[in-house]
Amino acid sequence: MLLHSLRLTRIVVGNSRFTYFSPVRFLCHSCSSGQLSRLVRHGQNAIRQCSTKAGKGKKTRFKKSEMMRLFQLAKNEKWVIVAGIGCLFISSSITMAVPYGLGKILDTIYSDESKEVAKERLKKFCLILAGIFIIGGVSNFGRVYLFNSASLRIVQTVRSRLYRSMLSQEAGWFDQKGTGELVNRLSQDSYIVGNSLSQNLSDGLRSTVMVTVGVGMMINTSPHLALVGMGVVPAVAGMAVVYGRYVRNITRSLLDQYAGIMKTGEERLGNIKTVKMFCREEQESQLFLNQLYDALHLGYKEVKAKAIFYGLTGLSGNILIMSVLFYGGNMVANEELTVGALTSFILYAGYSAISINGLSNFYTELNKGLGAAQRIWEIIDREPLIPVIANSGKSLPTLGPICFRNVAFSYPSRPDSKVLKDLSLTIEPGTTTAVVGKSGSGKSTIGILLLRLYDPSHGLVTLNDVDIRELDPLWLRSNIGAVNQEPILFSGTIRENILYGVNVGSSISEENFQRIVQEAHVDEFIQSLPQGLETVVGQRGMMLSGGQKQRVAIARALIKNPSILLLDEATSALDAGSEEHVQKALESLTKGRTVLTIAHRLSTIRNAKKIVVLEGGKIAEEGSYEELSTREDGLFRELVKRQTFQLQ
Ligand SMILES: Nc1ncnc2c1ncn2[C@@H]1O[C@H](COP(=O)(O)OP(=O)(O)OP(=O)(O)O)[C@@H](O)[C@H]1O
């Protein structure tokens with residue numbers, strides 16, 4: 001892993017992650033030093049080279065089992081697909097009957113029979129053909145409808161399985177994946193997989209039927225001419241195999257590229273105010289364009305391969321028609337073949353050529369589907385390190401003390417940086433413990449470990465002397481009400497956001513709901529909103545102020561009636577007036593509950609039974625407010641003196 005000096009912030013190239021380090025430096029996690037020095041030398045171009053390498057380096061061989069697994073996705077649709085195949089056989093057979101019918105009609109026109117008889121036979125043939133065409137139209141409708149509706153359901157199944165699997169992953173996994181990347185997998189990859197199994201399958205089967213019938217009819221009409229016509233088949237088949245493999249690898253690299261691009265886009269658009277505050281619109285759009293160029297470069301490769309392949313297959317098809325015309329024309333001249341038979345032969349040859357093209361398309365799309373499916377399996381197959389399964393562990397009848405025993409912890413995305421070091425702390429039940437310390441000292445991390453969003457690297461967190469890893473995580477979290485520094489509200493009404501806190505399987509009466517709304521002082525500001533509690537907030541709704549959001553978040557935490565309250569700077573966004581109200585509400589609500597409060601303001605910790613001062617991930621001081629504030633040369637005193645806390 002080396003440092004470089006290019007003016008780029010973050011790029012994802014295939015499996016290689018280039019992480020933002022400083023305005024002029026970044027780290028490459030997976031390229032060799034040779035690749036990296038080229039990067040430095042050639043700047044943007046070198047990055048493109050590296051991207052190509054990442055694409056090349058990832059040649060994927062798909063096993064049969066992967067193909068089977070892909071088809072397994074369509075298991076629930078098997079009867080719809082069988083019905084679709086039935087329609088497909090009918091419509092394809094009818095299409096393939098056209099050249100035969102046409103040949104017969106031509107031979108009737110050119111027959112030695114009397115004009116009247118010929119006209120009568122022509123009428124009969126046309127009527128039969130018209131009937132057959134109507135059946136063909138209906139079955140074509142059935143084929144397209146059945147396969148496409150199956151496709152929609154397959155995509156829906158894939159998306160829901162994928163989303164469920166994503167949600168079940170532990171927090172550390174999300175630290176390493178951008179939401180843009182995950183959303184991309186949910187939208188694009190899932191669509192490709194669904195499409196490769198339905199519409200593509202339908203087109204592939206149709207092509208197979210048409211090639212089989214076409215070749216059969218060609219042999220039936222003239223084995224000699226058929227041999228001439230099929231001369232190009234081995235060459236086309238060979239090209240299709242090479243092309244298919246190439247496309248499959250490129251598709252995977254392209255999807256990786258787009259996932260990286262989406263990650264950047266999602267992050268910047270999601271934080272558009274920061275971009276605007278720093279007047280970075282132009283730079284951001286340039287960065288996005290640079291990433292698009294990398295994808296474009298790979299896209300060009302795919303397009304080039306496609307153009308070569310289609311050009312060659314088209315040429316082969318035309319050579320086939322020309323050879324057939326030449327040999328067939330001679331055969332007609334030698335009276336070895338009728339005009340009608342030659343016409344139907346040429347049409348069969350044409351259909352077969354088009355269908356071979358269709359088959360190669362099918363093969364390409366199937367490979368794209370396999371490439372995309374592989375990225376989806378990666379997520380679906382991943383066993384979460386902290387599984388969230390109901391009743392998967394113990395639940396305790398009473399909540400005793402919470403103990404951190406010699407806990408050491410590093411975030412998985414930064415394993416070398418120790419956030420907590422050999423931390424031991426006991427929080428007595430029914431008491432308030434405040435954690436204070438400088439920014440970055442690890443205060444919030446303590447709360448995160450208690451919620452078991454991460455597991456400690458060393459040591460234990462226990463509740464009632466039981467390691468929380470033995471507890472059912474759903475039970476544990478349903479007993480903890482958390483209010484964070486920056487509360488997030490989802491799109492929905494204020495009421496829905498508060499009710500989000502109700503534990504799964506529980507309910508709350510309107511009376512209790514209104515009480516909580518009052519206790520969290522939400523009622524004060526909703527009175528000024530025309531739709532009150534039914535006001536839509538979040539991304540598409542009205543924006544609330546920091547303090548208003550905080551109050552909704554407090555109500556959301558309290559609605560759980562939790563035994564443990566985790567207040568991470570819970571009142572930090574409130575103005576002095578609101579804070580006083582909420583503080584009072586919190587004080588009465590904290591009674592009888594075990595409270596862990598992480599605070600910057602003295603007012604919020606004065607009543608804490610115990611104050612813990614953190615420094616560099618370790619406990620530097622511990623004691624009551626009186627003890628710590630009178631301790632000579634104590635860190636707490638120092639913090640107070642330096643006004644790290646706002647004295648009120
Ligand atoms: N998800 C994460 N992945 C990697 N590092 C993280 C993550 N969250 C926090 N950190 C790092 O862990 C350290 C401790 O963070 P933490 O949020 O616990 O500090 P804090 O004391 O609560 O800070 P503040 O008072 O500023 O909120 C910081 O250096 C921070 O950069």
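First listed ligand is number 1; within each ligand, the first listed atom is number 1.
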Within ligand 1, which atoms have a heavy atom of Ser413 less than 4.0 Å away?
3 (N), 4 (C)

List ligand 1 atoms under 4.0 Å from Lys443, heavy atoms only on the residue side.
18 (O), 19 (O), 20 (P), 21 (O), 22 (O), 23 (O), 24 (P), 25 (O)

Once rounded to the nearest 0.5 Å, what's the spacing between atom CG of Leu425 and atom CZ of Arg405?
12.0 Å

Under a 3.5 Å cutoff, is there a donor and acceptor pairing between the side chains of Asn406 and Asp422?
yes

Just jot down the ligand 1 atoms closer than 4.0 angstrom to any heavy atom of Gly442, in number order.
14 (C), 18 (O), 19 (O), 20 (P), 21 (O)

Does Arg551 come within less than 4.0 Å of Glu519, counting only side-chain N to carboxylate O?
no

Contact atoms of ligand 1, heavy-atom distance to Thr445 under 4.0 Å:
14 (C), 15 (O), 16 (P), 18 (O)

Could you tell me whether Glu428 and Lys609 have a side-chain N and a carboxylate O separated by less than 4.0 Å?
no

Show which atoms of ligand 1 fall inside a sub-4.0 Å distance from at least one heavy-atom site of Asp175.
1 (N), 2 (C), 3 (N)

Numbering the atoms of ligand 1 from 1, which are under 4.0 Å from a heavy atom of Val419?
12 (O), 13 (C), 14 (C)

Relative to the heavy atoms of Lys438, which atoms of ligand 1 are at a distance of less than 4.0 Å?
21 (O)

Cut-off 3.5 Å, side chains only: do Asp189 and Tyr258 have a donor facing an acceptor?
no

Distance-only donor-acceptor check, side chains Tyr411 and Thr445, under 3.5 Å:
yes

